[in-house]
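Right, one structure below, let's go through it.
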Amino acid sequence: MSEEQQVIEKVIVPNPEGYTLVKYSYLVVGMSYSIGGILFLPFAEFVLKGGDGSCLVDKWLWWPLFFVFFLLGGVIGHKLTEAKVNIKLSERGLEQTRLSGSRFVPEYRFIPWCEMKRFHLFGRNNSVDFLICTKEGSNFRISMPPVRIFERQKVNDVVFNTFRVDFKHVAMEHGVFPAFY
């Protein structure tokens, strides 16, 4: 067997121990960016202006300070919602176990193959998400931040992409197909 075929076989065979990755609550992270930007307004009003209403800082510095508050809100949102999870693909379905991190992610979740309607490998809007639509209950989502702040995200992306490929093959064997819209 050629080396190329061996690489393809390794990618198609799902990881029996599961895929350990860090996921986020995209909604909370997005709101954190906005809250960081909004918190800049009282900071600008009370700290940057003097008692007589004169500006203590030049106007050209306002936009960089706003950007710093915006990013600070996003970093806080990432840290509040990040959770390290292990996802396993089995003959029964998909199992997610929270290893550490945010309470936004349930400690254990199991979705049988028969409960899955369809999946979106790149979210509904071709972003950095992964979504499984279920027949009953809440949908299963893995969200990754569009802006990579931390170095470990590069390793996380490799694991996440491997999971996507493996999930697609296993899900289609069990009658769950991707949504094409």
Side-chain angles (χ1 to χ4, degrees), residues 1-32 74-181:
M1 210 172 357
S2 73
E3 185 177 320
E4 188 174 306
Q5 288 175 335
Q6 289 175 350
V7 170
I8 290 172
E9 283 184 11
K10 285 182 183 177
V11 171
I12 293 175
V13 176
N15 188 350
E17 295 86 31
Y19 306 87
T20 302
L21 51 93
V22 178
K23 66 185 250 181
Y24 301 88
S25 174
Y26 188 71
L27 177 66
V28 176
V29 172
M31 288 176 20
S32 299
V75 168
I76 291 170
H78 282 180
K79 284 301 180 187
L80 286 177
T81 64
E82 82 175 4
K84 189 177 203 177
V85 296
N86 186 304
I87 301 173
K88 293 181 185 177
L89 300 175
S90 67
E91 286 300 316
R92 299 177 338 155
L94 181 136
E95 297 178 60
Q96 172 188 288
T97 306
R98 182 183 68 211
L99 302 175
S100 65
S102 174
R103 303 285 181 213
F104 285 104
V105 177
E107 194 167 324
Y108 178 80
R109 183 159 183 204
F110 175 73
I111 305 171
W113 294 113
C114 61
E115 288 295 316
M116 297 180 199
K117 289 193 290 188
R118 64 185 174 276
F119 62 90
H120 302 264
L121 284 178
F122 297 98
R124 287 194 173 139
N125 56 1
N126 288 330
S127 64
V128 290
D129 287 348
F130 172 82
L131 176 67
I132 298 173
C133 297
T134 58
K135 294 177 182 172
E136 293 181 12
S138 61
N139 295 335
F140 178 79
R141 178 182 307 269
I142 299 175
S143 296
M144 296 292 157
V147 178
R148 304 297 195 258
I149 298 174
F150 305 106
E151 182 64 30
R152 71 176 170 198
Q153 281 298 6
K154 294 178 183 175
V155 174
N156 201 30
D157 288 342
V158 171
V159 174
F160 186 47
N161 290 331
T162 304
F163 167 74
R164 281 179 175 164
V165 170
D166 292 348
F167 179 84
K168 180 180 178 183
H169 292 292
V170 174
M172 290 176 73
E173 290 174 2
H174 287 89
V176 181
F177 296 99
F180 295 108
Y181 60 84

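Remember, it's a predicted structure, so these values are computed and weren't measured experimentally.
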Check: [Y] main-chain N/O paired with [X] side-chain donor or acceptor under 3.5 Å:
X: Thr97; Y: Tyr108; answer: no
X: Lys135; Y: Cys114; answer: yes
X: Asp129; Y: Phe122; answer: no

### Task
Report yes if the side chains of Lys168 and Met172 come closer than 4.5 Å at any heavy-atom pair, otherwise no.
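Yes, their side chains come closer than 4.5 Å.
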#### Entry: Close side-chain approach of Phe130 and Ile87, heavy atoms under 4.5 Å
no
### Query
For Tyr19 and Phe167, what are the C-alpha separation, side-chain angles and deciding distance, and is it a ring-ring contact (aromatic ring centres under 6.0 Å, His included)?
CA-CA 11 Å; Tyr19 306 87; Phe167 179 84; 9.8 Å; no
[X] and [Y]: which non-hydrogen atoms are nearest, and at how many Å?
X: Ala179; Y: His120; result: CB-CE1, 3.4 Å
X: Ser102; Y: Ala83; result: N-CB, 3.8 Å
X: Lys88; Y: Gly18; result: CG-CA, 3.8 Å
X: His174; Y: Val170; result: ND1-O, 2.9 Å
X: Met116; Y: Leu94; result: CE-CB, 3.9 Å
X: Val85; Y: Val105; result: CG1-CG1, 3.9 Å

Nearest-0.5 Å distance that lies between atom [atom1] in [X] and atom [atom2] in [Y]:
X: Phe140; Y: Arg109; atom1: CZ; atom2: CZ; result: 6.5 Å
X: Arg118; Y: Ile132; atom1: CZ; atom2: CD1; result: 12.0 Å
X: Asn86; Y: Ser100; atom1: CG; atom2: OG; result: 11.0 Å
X: Lys84; Y: Asn156; atom1: NZ; atom2: CG; result: 9.5 Å

### Query
Distance under 6.0 Å and angle within 45° of the ring axis: does Arg92 meet both against Phe110?
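Because its charged atom sits under 6.0 Å from the ring centre and within 45° of the axis, Arg92 does stack over Phe110.
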### Message
Looking at Glu107 and Arg98, is any side-chain nitrogen of the basic one under 4.0 Å from a carboxylate oxygen of the acidic one?
### Response
yes
